[in-house]
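One structure below.
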Amino acid sequence: MPRVSLTHDNEQVAAVLEEIGDLSDLKGENPFRAVTFRAAARAIRDLREPLRVLMEQKRLSEIPKVGPAIAEAIEQLLTTGTAKRHEELKAQVPPGLLMLLRVPGVGPATARTIHKTLGITTIDELEAAAKTGRLRTLPKFQAKTEENILKAIGSLRQRTGRALVVDARAAAAEMVAWLRERCDPPQMVVAGSVRRWRETIGDVDIVVAADAAGPIMEAFVAAPGVERVIARGDTRSSVVVERGLQLDLRVVPPASYGAALVYFTGSKAHNVHLRGLALKKKLLLNEYGLYRVGEEKDGTPIASRTEEDVYAALGMDWIAPELREDRGEIEAAVAHELPDLVELGDIRGDLHAHTSWSDGRDTVAEMAERARGKGYEYIALTDHSVALGMTKGLTEDRIRARNVEIEAVNRRLAPFRVLIGSETDIRASGKLDYDDRLLGMFEVVTASVHSSFAQARDVMTKRILGAMEHPRVNAISHPTGRLLEKRDAYEVDLEAVIQAAVRTKTRLEVNGGPERLDLSDIAVRRAMEVGAMLVCNSDAHAIEELDQMEYAVATARRGWATKESVQNTMALTELRRHLEGKG
DNA sequence: GCCGTTTTCGGCCCGACTGTTTTCAGTCG
């Protein structure tokens, strides 16, 4: 999974180096050259210093995989914005071939073949060729391959082009910081789907309460990073920033702040339902306040200043933004029966994180110290099992070696506790990647699917259920395997998995990786209905990513999860009792 | 392209899986 880079520069450079790797592959150059460019990109994402500083201090060559050629490209990128090597490759490789790589199952070799023989450079052309059976004329292409490519294109098309919540939050935070610095409005909040923690974001809504809108609008459209101004008005402006993300700013009078917040937080369905409810009470709700019908033009609102006021005036409890999807939260609020949602502060530890022993960036000690710094009582370090060769999965010898390190850290940081964990692969056959003896070496085992995503639904379901039956498997990680805007969930009978979670006391993970959020909020809701237990995890591969717990908890909240339903809200002693018995 | 020596070029985290093949290339993680 790509990590969040330290700075904007670092991320930009990493992205270009990665693209050089792809282009070099497409051109058919020495494949190890591409490997190196990608490795350098990864090393840059792992950096803890800005590239610019390293360049100024002539220390670029200290970065792993950065030699003379890549250092030159980095310098060019940082000083001129482009790299010679990148431009040359772009000129030599037909535009569009890069897009073909986005089709799962199409790699550089396939892309090259279909371009050379059929002249195809776009996904549309590829789809047409597959539909008319022309792909079949190529060597090593049969009906099945054609079918797979069509399926892959189909799911590619279903993607919405929405931003991941992590990217939208970053863009929103940058803008909010800028506006605070320039104008410091008394009240400002990011509303909309960002505030509701939806898993993907269409656009970002920022609501500000101020008497004079002029200065803040001015600052908004002049913010760094604004690529295009769509609209600039007295109460509302819209701009487009990087990657096409749209930011809307609404300025409302301070007296209307609460009502505006309700209105701009949404969801639309929630608002429609609320307004309908208001009408039944002969009230009218708009973005300025709650009024008696007929008085909205010149009357004083019954409520408007805070959200709490507005909900209370409608005879209901305040509703957490994560619940505002019109999925029963309004009825529950009227009946004063809203769930007592789990909160970030309830989390006592993280049960899924990686270290440099497998594919993580940071050491056991660094991960443990950061976890302790977050106020946790424990962290399970769950490095990968052997099947994931690419991730340096742990052999028995390396499990033991890692244990020595963990024990030393535990002595030093007590009473904080590092739990000896494993993220064990569930292989295509359904077999776990470690035998029972090796599994017995771990205090926490989370099992997950990382291969053969295309298995038939019943095969995949059996595969996962089989793992859940195993007495040493405490949890199933990212149970559906989806990558938002990138890869669909695999076919699996999720209802059967949720039922099995209750029966076998296996926990279902809510994975906080912003591209996963898996289980989804919908599935969490179902798990709550049948009484399955969850565990909220960061799946961190670096110390900063421990903060991804926030996304896991938000997703659990969207699924109405309570503290009692999330296992890692337990204190260590209680947790240990559960782990021994399973669960 | 980079690395680490076997100091001047050979090897490059590698295993599982698929779809096409009778032995493997390509993709994925």
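When reading the values below, keep in mind they use all heavy atoms of this one structure, side chains included, and skip hydrogens, waters and symmetry mates.
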Whole angstrom value for the distance that separates [atom2] of [N] from [atom1] of [X]:
X	N	atom1	atom2	value
A/R42	B/dG29	CZ	C1'	11 Å
A/D383	B/dG29	CG	C1'	16 Å
A/R516	B/dG29	CZ	C1'	10 Å
A/D433	B/dG15	CG	P	12 Å
A/L101	B/dG29	CG	C1'	16 Å
A/E62	B/dC3	CD	P	12 Å
A/L394	B/dG15	CG	P	15 Å
A/L138	B/dT21	CG	C1'	16 Å

So, [X] and [Y]: side-chain donor and acceptor under 3.5 Å apart, yes or no?
X	Y	result
A/T446	A/S477	yes
A/T461	A/D493	no
A/E423	A/H478	yes

Integer angstrom distance from the [atom1] of [N] to that of [M]:
N	M	atom1	answer
B/dT6	B/dC12	P	15 Å
B/dG26	B/dT20	C1'	10 Å
B/dC13	B/dG19	C1'	26 Å

Sub-4.0 Å heavy-atom contacts from residues 18-33 of chain A onto DNA chain B, ordered by number: A/N30, A/F32, A/R33
With sequence neighbours excluded, residues passing salt bridge (Lys or Arg N to Asp or Glu O under 4.0 Å) with [X]:
X	answer
A/R348	A/E377
A/E125	none
A/E495	A/R526
A/E146	A/R136

B/dT8 - base-pair partner by Watson-Crick or wobble geometry, distances under 3.5 Å: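 Base partner found: none.
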So which protein nitrogen or oxygen atoms get under 3.5 Å of nucleotides 17-19 of chain B's nitrogens or oxygens?
residue: B/dC17; atom: OP1; partner: A/A428; partner atom: N; Å: 2.9
residue: B/dC17; atom: O3'; partner: A/S452; partner atom: OG; Å: 2.9
residue: B/dG19; atom: OP1; partner: A/N148; partner atom: ND2; Å: 3.1
residue: B/dG19; atom: O3'; partner: A/T145; partner atom: OG1; Å: 3.0

A/T36 vs B/dC12: side-chain N/O to OP1/OP2 distance below 4.0 Å: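 A/T36 to B/dC12 OP1/OP2: no side-chain N or O under 4.0 Å.
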N-O pairing of [X] and [Y] below 4.0 Å:
X	Y	result
A/R38	A/D25	yes
A/D547	A/K374	yes
A/R472	A/E443	no

Sugar-phosphate, base or nothing in reach of A/R85, heavy atoms under 4.0 Å: sugar-phosphate
Given DNA chain B, 5'-ward residue of the pair A/A111 and A/V66, judged by closest heavy atom: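 Final value for this comparison: A/V66.
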Toward the 5' end of DNA chain B, by each residue's nearest nucleotide, A/V35 or A/I63: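 The residue whose closest nucleotide sits nearer the 5' end is A/I63.
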